[in-house]
Q: 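The structure that follows is given in the form of structure tokens.
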Amino acid sequence: MVNSPLKQVSTPSYGSELLISVPEEFTFAHCQKFLNRNKHECLHQVDSQRWIKLLKLDQQLILVTVSMTQGSLRVQTHDNILSESQKRQLKAYITEVFDLKTDLSQFYRAVKNEEIMAHLTQRYYGLRLIGIPDLFEALCWCVIGQQINLNFAYQLKKQLVYNKGERLQFKGVDYYTFPEVEVIAEMSTEEFAAWKFSNAKAQYIIGIAQAMLQGQISKEMLLGSSKEDAVKGLTALKGVGPWSAHYVMMKCCRENSAYPIDDVGLQNAVKIHSAMTRKPTKTELLQLSKRWNPWQAYATFYLWHSLI
DNA sequence: ATCCAGGTTCGGG
DNA sequence: CCCGAACATGGA
């Protein structure tokens, strides 16, 4: 049989499989659409049926494929038989990325009287807030994305991941993990400059890595604090302002009332859906968000999704 | 050419 | 406390 390099193998010859049941309000295709929003994304791959990602579970690199089957998420490994511990971690990871524990019907009910969300929640019924479970990755992604267009941001991330992440080759395709804190903490700003990072971004990312390494901040800490204290802890990091703090709360800590109000994408989306001739002011965005309470993060995510 | 991109920090009034 | 400038680069 001819083995074309473009052809994907449909079933693993030697691997583990687990099925994760999904809530009623879950539409894999909408999530796929978001995951596939930029062609420069380097931390996973998406095809029409599957999401493919390299994970590190118990210090082992494991390539994982996620697809939808008979009302469940099917999670497969390609050439690893998972330990029970790895299976647990994998299930927890997938559950977190796709936010399977949130009852979306409550979000839908809460916003049904606000025009924009009434529209978007019908249009994207079952879309889940796709998360970034790793705090370091979430923070770096914030810093990278600040003040530049998303396309360029993805290219900067690619430099970081290709040069400092871990790689696994499978059937001729390279897959990567996000770099470890320890690796980035030892870098110099000069290395970043060669990748077209600004000096400020480089310093922020190195500083964040060092702060995490020293235990100044951790995901456990954030999850154990009030929302207010968590934002305070995050903004204490150089390079992390209000927007980034709320972005991290939203994508990493699963705080559904987080609200990155300074976000230009949010502003543009509201402008479009309100048929405004100018961007909404911060005051207007705050007023609007009261009608989404306590689901500001989900509303923001649906608005972002409408810009894809 | 000029302005805007998933903002934030820093220095000056 | 508030405001402008600087930041690196690319696309419109």
Side-chain angles (χ1 to χ4, degrees), chain A residues 33-43 120 127 129-132 134-163 178 187-211 217 231-253 255-256 258-273 276-283 285-286 288-289 296-308:
Chain A
K33 169 91 175 168
F34 180 82
L35 287 164
N36 202 25
R37 72 194 179 287
N38 194 287
K39 64 183 175 196
H40 295 295
E41 175 59 63
C42 57
L43 288 175
L120 291 182
L127 170 66
L129 202 167
I130 301 299
I132 304 176
D134 180 64
L135 177 62
F136 183 53
E137 180 187 337
L139 281 166
C140 289
W141 185 225
C142 283
V143 171
I144 289 172
Q146 287 166 12
Q147 173 55 25
I148 57 174
N149 65 70
L150 215 40
N151 225 16
F152 182 45
Y154 275 104
Q155 295 183 51
L156 293 181
K157 182 168 86 165
K158 202 185 267 186
Q159 292 291 330
L160 192 58
V161 169
Y162 284 2
N163 287 291
F178 195 78
M187 284 182 65
S188 66
T189 53
E190 286 77 16
E191 290 180 81
F192 279 93
W195 304 336
K196 301 172 181 177
F197 280 63
S198 68
N199 209 275
K201 280 193 201 306
Q203 285 179 11
Y204 297 158
I205 288 172
I206 294 168
I208 288 166
Q210 292 173 348
I217 194 164
V231 168
K232 236 180 255 178
L234 285 164
T235 51
L237 298 166
K238 283 280 176 252
V240 178
W243 174 84
S244 300
H246 280 261
Y247 183 94
V248 168
M249 295 299 286
M250 164 180 176
K251 297 274 284 186
C252 184
C253 300
E255 172 53 66
N256 285 335
Y259 191 38
I261 195 168
D262 306 300
D263 186 83
V264 70
L266 169 71
Q267 294 162 15
N268 284 331
V270 168
K271 174 186 166 187
I272 290 168
H273 291 290
M276 299 170 77
T277 54
R278 54 163 180 83
K279 282 187 200 170
T281 65
K282 210 161 166 169
T283 310
L285 285 171
L286 205 54
L288 181 59
S289 74
Q296 290 87 339
Y298 252 96
T300 300
F301 190 74
Y302 272 55
L303 283 161
W304 284 346
H305 195 72
S306 76
L307 296 174
I308 294 177

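The model shown is predicted, which means the values in this text are computed figures rather than measured ones. In what follows, every chain begins at residue 1, and chains take the letters A, B, ... in the order their sequences are listed. What's counted below: heavy atoms across the whole structure, side chains too, no hydrogens, waters or symmetry copies.
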Q: The side chain of A:Val264 lies closest to which of these nucleotides: B:dG7, C:dG10, B:dT9?
A: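 Per side-chain heavy atoms of A:Val264, the pick is B:dG7.
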Q: Taking for each residue the nucleotide of DNA chain B bearing the nearest heavy atom, is the 5' side occupied by A:Ala153 or by A:Lys238?
A: A:Ala153
Q: Can you tell which of A:Lys282, A:Gln267, A:His246 makes a side-chain hydrogen bond (donor to acceptor under 3.5 Å, both in side chains) with A:Asp262?
A: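 The single option meeting the side-chain hydrogen bond (donor to acceptor under 3.5 Å, both in side chains) with A:Asp262 is A:Lys282.
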Q: Checking contacts here: which listed nucleotide (C:dG10, B:dT8, B:dA5) is nearest the side-chain heavy atoms of A:Phe152?
A: C:dG10
Q: Which class fits the ring pair A:Phe136 and A:Phe178: parallel under 30°, tilted 30 to 60°, perpendicular over 60°?
A: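 Perpendicular, since the angle between the ring planes exceeds 60°.
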Q: Could you tell me how far apart A:Ile144 (CD1) and B:dT8 (P) are, to the nearest whole angstrom?
A: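 To the nearest whole Å, that distance equals 14 Å.
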Q: Which whole-number value in Å describes the distance from A:Gln267 CD to B:dC4 P?
A: 12 Å
Q: How would you label the contact of A:Asp263 with the nucleic acid (heavy atoms, under 4.0 Å): base, sugar-phosphate, or nothing?
A: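 Counting heavy atoms under 4.0 Å across all strands, the contact made by A:Asp263 includes a base.
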Q: So, taking the atom named CD1 in A:Ile144 and the one named NZ in A:Lys158, what distance separates them when rounded to the nearest 0.5 Å?
A: 13.0 Å
Q: Quick one: do A:Phe301 and A:Lys251 satisfy side-chain contact (heavy atoms from CB on, under 4.5 Å)? Show the steps, please.
A: CA-CA 10 Å; A:Phe301 190 74; A:Lys251 297 274 284 186; 4.1 Å; yes
Q: I need the CG-P distance between A:Asn268 and B:dG7, as an integer number of Å.
A: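 That distance rounds to 10 Å.
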Q: A:Asp262 has an atom CG; how far is it from atom C1' of B:dT8, in whole Å?
A: 10 Å
Q: What's A:Lys251 touching, base or sugar-phosphate or nothing? Going by heavy atoms closer than 4.0 Å.
A: nothing
Q: To the nearest angstrom, how far is A:Gln147 atom CD from B:dG7 atom P?
A: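 Taking CD of A:Gln147 and P of B:dG7, I get 7 Å after rounding.
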Q: Can you see if the side chain of A:Lys201 gets near the phosphate of C:dA6 - specifically, an N or O under 4.0 Å from OP1 or OP2?
A: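 Negative; the distance criterion is not met.
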Q: What is the distance from CD1 of A:Ile208 to C1' of B:dT9, rounded to the nearest Å?
A: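 It works out to 13 Å between those atoms.
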Q: NA contact type, A:Val240, heavy-atom cut-off 4.0 Å: base, sugar-phosphate, or nothing?
A: sugar-phosphate
Q: If you assign A:Ile148 and A:Asn151 each to the DNA chain C nucleotide with the nearest heavy atom, which residue ends up on the more 5' nucleotide?
A: A:Ile148
Q: Rounded to whole Å, please give me the gap between CD1 in A:Ile205 and P in B:dT8.
A: 14 Å
Q: OP1 or OP2 of B:dT8 less than 4.0 angstrom from a side-chain nitrogen or oxygen of A:Ser244, does that happen here?
A: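 Indeed, a polar side-chain atom of A:Ser244 lies that close.
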Q: Students often get this wrong, so: under 4.0 angstrom with heavy atoms, is A:Leu303 touching a base, only sugar-phosphate, or nothing?
A: nothing
Q: If I pick the C1' atom on B:dA5 and the same atom on C:dC2, what distance separates them, to the nearest angstrom?
A: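 Looking at atom C1' only, C:dC2 and B:dA5 are 24 Å apart.
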Q: Within the 4.5 Å heavy-atom criterion, are A:Arg37 and A:Tyr154 side-chain neighbours or not?
A: yes
Q: Scan A:Pro260 against the nucleic acid and name what it touches under 4.0 Å (heavy atoms): base, sugar-phosphate only, or nothing.
A: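 Contact class for A:Pro260: none.
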Q: Classify the nucleic acid contact of A:Gly239 as base, sugar-phosphate or nothing, counting any heavy atom under 4.0 Å across all strands shown.
A: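 Sugar-phosphate contact only - A:Gly239 comes under 4.0 Å of backbone atoms but never of a base.
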Q: So which nucleotide from B:dT8, B:dT9, B:dA5 ends up closest to the side chain of A:Tyr204?
A: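 Ranking B:dT8, B:dT9, B:dA5 by closest atom to the A:Tyr204 side chain puts B:dT9 first.
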Q: Might you point out which heavy atoms bring A:Ala297 and A:Glu255 nearest each other, and give the distance in Å?
A: CB-O, 3.6 Å
Q: Rounded to whole angstrom, note down the P distance from C:dA5 over to B:dT2.
A: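 Here C:dA5 and B:dT2 have their P atoms 15 Å from each other.
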Q: To the nearest Å, give me how far apart NZ (A:Lys279) and P (B:dC4) are.
A: 8 Å
